[in-house]
Amino acid sequence: MIKSPSPQKLKEVRAAMGFTQSEAAEMVHVSLRAWQLWEAGDRKIPPGLWELCIIKAGLHPLYRRA
């Protein structure tokens, strides 16, 4: 089961993709403010949206890009 990441891990993945906060938020279909709250640690990203994020980033253990 995929669990929500720490705020630091979320920032690291976003930076590795080369995305701004706004671009990352758009990628998973949420507001910029929601993404900012997740990275600040004020809220946790829902596991399903985290999974969508890592699938799109090619980092999901079951769906890694070749």
request  = Flag the pair C53 / M17 as yes when at least one side-chain heavy-atom distance between them is below 4.5 Å, and no otherwise.
outcome  = yes

ask   = Looking at H60, K56, K3, which hits side-chain hydrogen bond (donor to acceptor under 3.5 Å, both in side chains) with E51?
value = H60

inquiry  = So for atom NZ, which belongs to K44, do other residues, nucleotides or ligands contribute more than 12 heavy atoms lying within a distance under 6.0 Å?
reply    = no

task = Measure the spacing between NE2 of H29 and CG of L52 and express it to the nearest 0.5 Å.
result = 6.0 Å

query = Sequence neighbours excluded, which residues qualify as side-chain hydrogen bond (donor to acceptor under 3.5 Å, both in side chains) partners of W35?
reply = E39

inquiry  = Are V30 and L32 connected into the same hydrophobic cluster when the rule is that any two of I, L, V, M, F, W, Y join if their side-chain heavy atoms are below 4.5 Å apart?
reply    = no

request  = Please answer: with hydrophobic residues joined when any side-chain heavy atoms are less than 4.5 Å apart, are L37 and L10 in the same cluster?
outcome  = no

note = So salt bridge (Lys or Arg N to Asp or Glu O under 4.0 Å) across residues 18-33, not counting sequence neighbours, yields none

request  = Heavy atoms only: give me the nearest V28-L49 pair and the separation to one decimal.
outcome  = O-CD2, 3.7 Å

query = Ignoring hydrogens and geometry, is there a side-chain-to-backbone donor-acceptor pair from R14 to F19 under 3.5 Å?
reply = yes

inquiry  = If I take atom OG from residue S4 and atom CZ from residue R43, how far apart are they, to the nearest 0.5 angstrom?
reply    = 13.5 Å

Close side-chain approach of I55 to W50, heavy-atom, < 4.5 Å = no

request  = Would you indicate whether the side-chain heavy atoms of P5 and I45 approach each other to under 4.5 Å?
outcome  = yes

